[in-house]
Amino acid sequence: MNETIESRINRLHGDGLVDMHFDLPLDLYEKRNHPGALVSHYLPEFEAGDIGTIGAALYVEDRYLPEMGLRVALDQVARLYAEVESTDRFAICKTKEEIARARKEKKIALIITMEGVEPLGDDLNLLRVFYQLGLRMVGLTHARRNPAGAGGIFSANGSPRDGLTAFGRDIVQECERLGIVIDLAHINPKGFEEIVDLTKKPLIVSHTNARKFYDIERNISDEQIKMIGQRGGVVGANAILVSPNPNDSTIDRYVDHIEHIIGLIGIDAVGIGFDFCEYLFEQLPESVRKELAAKLTTPHFIPDLTNHSHARNLTRKLIERGFSDADIEKILRGNWMRIFDEML
Ligand SMILES: [Zn+2]
């Protein structure tokens, strides 16, 4: 076979990539007075990277909490629906059949996810409301504490030692009952362990990295990776926390994380959760960026993997590193699709 690398990438991208974490609704909400960003700004990047399915995360920034949490999250949902209605290139999908139909029609499938349950306040009933609106994946916390539990911090230790609250446990059980995938991204180590104990269905981590290469509680340990593997889950590799060192924040190091996860739990258990947010970070005023760096960390973006139009660079690297077509297909798409087939 005499195929060029570029045509091999085209073939591998043919069915579209899956990225299970992107803060799209947040930005559409911030641009609510300038509608059309989904098509004018995002669509060209998605198309350049052959992105087929995206986990669109509802996330409420600190400045809106607590009073405005519910309202901002609902407005994010509204903006997402309004933007999708303005074009025939996207579909908000609630089931595996809807994902399959969207892909067949060459639309980009959007799956609504939630990063931190602050919008629910302490009202479990609201989870059902969001489910009706299309919510299909929930991570209980971001880095901060909330009524459900506490997040892992951006340092090797020191996050709250306690696990979930009673409300957090109720949410976990209601998610399993309703058919919402539970996302273990960000939750602190004790909360992680408790969710594993409380649940039976596959568990996923939409966007994280291995502590082996970047030892912070926000990433996951080898033990935690193995717990996901035992439950038939998938870990999405995150493109912004691959190394504490900016010089090591490269696509090669990103692939090191993928290889490490595969080494621990196999080729069927790793996917993509890019978490591209350089554009959001750059929009922030200098003072807020400093505040975030002090509270969380300064993210080290991978220069040639900072937005979806760069996805081909990852596939090229996977080819260079010797991955087979079948394995690349699983990483880019197949493993997340298996989770949707089993769970949605
Ligand atoms: Zn996150």
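What you see is a predicted model, and the numbers here were worked out from it, not measured in a lab. Counting begins at 1 with the first residue of the sequence. In listed order, ligands and their atoms are each counted from 1.
Restricting H207 to its N/O/S atoms, the shortest distance to the Zn ion (ligand 1) is reached by NE2.
For a distance bound of 2.8 Å, the N, O or S atoms of H21 include none lying that close to the Zn ion (ligand 1). Taking 2.8 Å as the criterion, H142 does not count as a coordinating residue of the Zn ion (ligand 1), since none of its N, O or S atoms falls below it. The Zn ion (ligand 1) has an N, O or S atom of E115 closer than 2.8 Å.
Under the 4.0 Å criterion applied to side-chain N and carboxylate O atoms, R333 and E329 are assigned as salt-bridge partners.
Taking the six-membered ring where the residue is Trp, Y42 and F22 present perpendicular rings, their angle passing 60° and hence far from 30°.
Within the structure, every pair that satisfies the ring-ring contact (aromatic ring centres under 6.0 Å, His included) test and touches residues 208-244, not counting sequence neighbours, is listed here: F213-H257, F213-H260.
For the 3.5 Å distance criterion, the side chains of H207 and N238 fail to qualify, holding no donor opposite an acceptor.
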